[in-house]
There are 2 protein chains.
Amino acid sequence: METFPNIRKISANDFFMRTPTIRDVAQRAGVGVGTVSRVINGSPQVADGTRQKVLEAIAELGFSPNKAARQLSGGKTSTVGVITPFLTYPSFVERLAGIQDVLDHHDYDLVLYSIRHPQQTQRKLREIGAQVAVDGLIVLSFLLQTFTPEELRRMNLKLPLIAVDHDPQDYYPHIFIDNVAGGRMAAEYLIKKGHRKIGFVGHVIESAFENESGFTSSQRRFKGMKEMLLQSGLPLNEEWYRFGAPNEYSACEQALHILSLPNRPTAIFAAYDTLAFGVQAAIDKLRMKSPDDVAVIGFDDVKAASYMRLTTVNQQLFHSGELGAQYMLERLKTGSFKPDHWHVELALTVIERASA
Amino acid sequence: METFPNIRKISANDFFMRTPTIRDVAQRAGVGVGTVSRVINGSPQVADGTRQKVLEAIAELGFSPNKAARQLSGGKTSTVGVITPFLTYPSFVERLAGIQDVLDHHDYDLVLYSIRHPQQTQRKLREIGAQVAVDGLIVLSFLLQTFTPEELRRMNLKLPLIAVDHDPQDYYPHIFIDNVAGGRMAAEYLIKKGHRKIGFVGHVIESAFENESGFTSSQRRFKGMKEMLLQSGLPLNEEWYRFGAPNEYSACEQALHILSLPNRPTAIFAAYDTLAFGVQAAIDKLRMKSPDDVAVIGFDDVKAASYMRLTTVNQQLFHSGELGAQYMLERLKTGSFKPDHWHVELALTVIERASA
DNA sequence: AGTATATCTGGAAACGTTTCCATTGTCAAA
DNA sequence: TTTGACAATGGAAACGTTTCCAGATATACT
């Protein structure tokens with residue numbers, strides 16, 4: 001009893017428009033499958049006439065190469081993973097949007113991994129690496145910092161990694177900003193505006209949940225501010241500095257406290273825009289007005305900051321995502337990260353709006 | 001000259017820990033590949049002893065099945081796509097987070113497609129369908145509404161579809177809310193609080209860019225509000241209704257206008273929470289106070305609404321995403337959507353906070 | 001014992017690409 | 001005319017699973 005391995009080719013199912021394969025295209029164009037593959041992948045090794053025929057066949061059949069097969073054979077997925085904590089924080093979303101934008105323009109897909117607890121990171125990384133479901137991985141914020149270089153080495157990930165919004169270091173490419181310098185800039189701006197009594201509303205780590213690297217960007221920005229105040233011979237007053245959860249409501253409470261002091265500051269630097277919104281709410285509650293009664297400057301330049309007319313320090317959130325994706329794609333194309341892309345610092349700019 | 005197709009198996013490369021395949025596991029456990037596959041997929045057709053051996057081998061080798069191969073062979077990707085407009089709107093992000101959460105718990109990956117212009121939708125859908133890179137597609141908001149049922153039929157998508165936040169209709173499963181009823185609820189709440197002069201800040205479609213279905217949820221919520229006012233015998237005053245872009249700044253301007261009228265309303269219903277924040281800003285600017293001078297109620301119950309102490313209409317954003325994902329997974333498992341899941345309305349609730 | 005039945009297992013074929021090698025055709029130089 | 005180099009092409013093998021069928025083993029019943 002002979003078997004007919006090709007029986008599917010003429011089976012009844014095919015009358016219902018089986019999605020076309022490269023073989024169908026080859027047949028239709030009267031060429032071999034190899035040639036079709038070469039056309040699809042833009043190899044120069046194809047005569048113009050042939051290429052034309054193939055392209056026509058592709059169009060007529062509405063063929064589109066099957067990703068899984070492509071990946072299995074070639075080892076490439078045309079997919080980049082993004083792993084992020086706190087999907088709902090506006091700053092992460094903006095970076096994500098930047099990444100998405102670049103990947104989309106290069107016909108790469110974006111797989112989103114979201115982590116609720118840093119402890120999940122390791123498991124997730126292993127999974128991702130083992131399944132080979134993505135060509136590369138963009139890691140947002142501190143997630144990678146939860147590992148020592150040694151741990152990371154032992155995990156022996158084959159995947160190209162790039163970190164966006166990550167402390168400067170030497171172990172993998174990353175894009176970062178100088179938070180301390182940013183803090184200095186914010187303070188400098190306020191000082192130039194004539195303020196001498198400057199407060200701060202920031203974020204403390206309450207648990208290991210938030211950041212295991214020991215420092216939040218809030219702390220660094222605070223440090224920069226203090227440096228600048230000292231350097232300018234201005235008073236540092238511990239009463240004016242308050243820390244809480246990273247949300248508007250908490251910030252509002254901190255600000256209410258600060259602004260109710262008998263000797264209150266004339267300006268407040270909020271570590272994130274989100275906190276600044278809370279500070280603005282407090283100012284409004286107290287029937288004060290910024291910038292006249294109290295000036296407010298934020299940090300991040302989130303989308304909403306422009307609606308809210310918040311003066312803030314821009315850190316190119318969207319662009320950081322774009323760059324991360326761009327460098328990753330280059331890495332995937334050329335096989336290695338450009339040395340210039342290993343350690344990329346983004347410039348900060350004070351954006352003057354209505355609040356300070 | 002004989003060839004050795006299996007030469008790779010003993011090539012030098014293997015000393016560098018080639019990622020293990022199902023064959024390696026089979027060998028190590030002393031069983032056939034079929035058995036390993038059955039173990040991985042939880043088939044009951046495996047003796048306990050055998051299963052144990054296989055599981056051990058899997059653990060020892062750190063094996064994890066290759067997604068691409070799995071898909072190519074079985075036709076399944078363990079991946080669900082999400083297609084969304086305006087990635088950066090907070091309400092979309094919350095729905096997305098809900099989807100992500102459910103998928104993650106079921107070991108499904110989430111591929112994110114973002115659309116900048118509704119016209120891209122069709123191309124994107126075709127691409128996604130053709131590449132077979134996802135098992136199903138969750139469509140957010142109005143994107144599918146840009147097609148007539150006829151168009152959609154002609155596109156002949158093989159992919160299971162479910163829409164989240166989509167007008168009720170008959171062509172595919174969807175999860176929705178009754179925006180008109182929501183508008184009525186908001187108005188009713190304000191009326192119960194004693195307000196008789198109620199304003200509205202909403203969103204107009206400025207271009208085809210935003211929504212091609214003819215109605216925004218803002219318009220529907222407005223309709224509901226008017227119905228309720230009429231029904232309660234309260235005055236409708238066109239002066240109190242203003243429409244603009246869907247951002248806080250624009251809403252602030254509209255509210256400033258309304259609240260500066262000689263005969264101003266004592267309460268304002270904002271079509272989205274984002275707009276409500278703008279209204280609150282306006283109230284603060286005018287040195288008024290909610291809820292005493294002007295009450296404000298929003299709609300959506302975005303995360304920030306709770307920080308901002310905004311009274312609003314909750315529409316279960318996160319949960320809508322969870323449900324969409326859940327129903328999709330069920331569809332993928334059982335082969336069809338449950339009839340109950342074809343047309344799912346989510347309940348709305350007024351959340352009383354400090355603003356009204 | 002012998003037979004029927006149920007359970008468990010091994011392994012080939014198939015999924016749709018890419019890649020590599022062999023073959024053919026073309027053109028220029030000798 | 002012959003030779004060599006090179007461009008263009010066809011098609012087999014490989015990628016790592018799942019599925020299906022056949023065979024093996026165990027169990028139950030006569």
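Letters A, B, ... mirror the listed sequences (proteins, then strands); counts begin at 1.
- Note: Y327(A) and H341(A) have parallel aromatic rings, judged against thresholds of 30 and 60 degrees for the angle between ring planes.
- Heavy-atom nearest nucleotides on DNA chain C were determined for A69(B) and for A47(B), and the one closer to the 5' end corresponds to A47(B).
- Looking at the side chain of R70(A), the nearest of the listed nucleotides dT18(C), dC8(C), dT18(D) is dT18(C).
- For I58(B) and dT17(D), the CD1 to P distance is 10 Å, given to the nearest whole Å.
- Between G74(B) and D48(B), it is D48(B) whose nearest contact on DNA chain C lies nearer the 5' terminus.
- Taking the nucleotide of DNA chain D with the nearest heavy atom to each of R38(B) and S73(B), the more 5' of the two is matched to S73(B).
- Rounded to whole angstrom, the span from the CD1 atom of I22(A) across to the C1' atom of dT18(C) amounts to 8 Å.
- To the nearest angstrom, P of dT9(C) lies 13 Å from CD of Q52(B).
- Comparing dT9(C), dG16(C), dA8(D) by their nearest atom to the side chain of Q45(A) picks out dA8(D).
- A side-chain contact (heavy atoms from CB on, under 4.5 Å) with V134(A) is found for exactly one of L110(A), V82(A), L159(A), I83(A), namely L159(A).
- Of the candidates dC15(D), dG11(D), dC8(C), dG11(D) carries the atom nearest the V33(A) side chain, counting heavy atoms from C-beta on.
- For the side-chain contact (heavy atoms from CB on, under 4.5 Å) test with V33(A), the passing option among R23(A), Q27(A), R38(A) is R23(A); the others fail.
- For dG11(C), the base has no donor-acceptor partner in the side chain of R23(B) [N/O atoms by modelled type, under 3.5 angstrom].
- Distance CZ (R51(B)) to C1' (dT9(C)): 13 Å, rounded to an integer number of Å.
- Between V25(A) and the choices I58(A), V31(A), V39(A), I40(A), the side-chain contact (heavy atoms from CB on, under 4.5 Å) rule is met once, by I58(A).
- Nearest to the side chain of V31(B), among dT18(D), dG10(C), dT18(C), sits dG10(C).
- If you check dT18(C), dT17(D), dG11(C) against the side chain of S37(A), the one that comes closest is dT18(C).
- When the P atom of dA14(D) is taken as reference, atom CG of L72(B) falls 16 Å away, rounded to whole Å.
- If you check every strand for non-hydrogen atoms under 4.0 Å, G49(B) touches nothing.
- By the 30° and 60° cut-offs, the orientation of the rings of F176(B) relative to H343(B) is tilted.
- Across the protein-nucleic acid pair, Q27(B) atom CD and dG11(C) atom C1' stand 14 Å apart, rounded to whole Å.
- Across the protein-nucleic acid pair, Q71(A) atom CD and dT18(C) atom C1' stand 13 Å apart, rounded to whole Å.
- Per the geometry, CG belonging to N66(B) stands 12 Å off P belonging to dC15(D), to the nearest Å.
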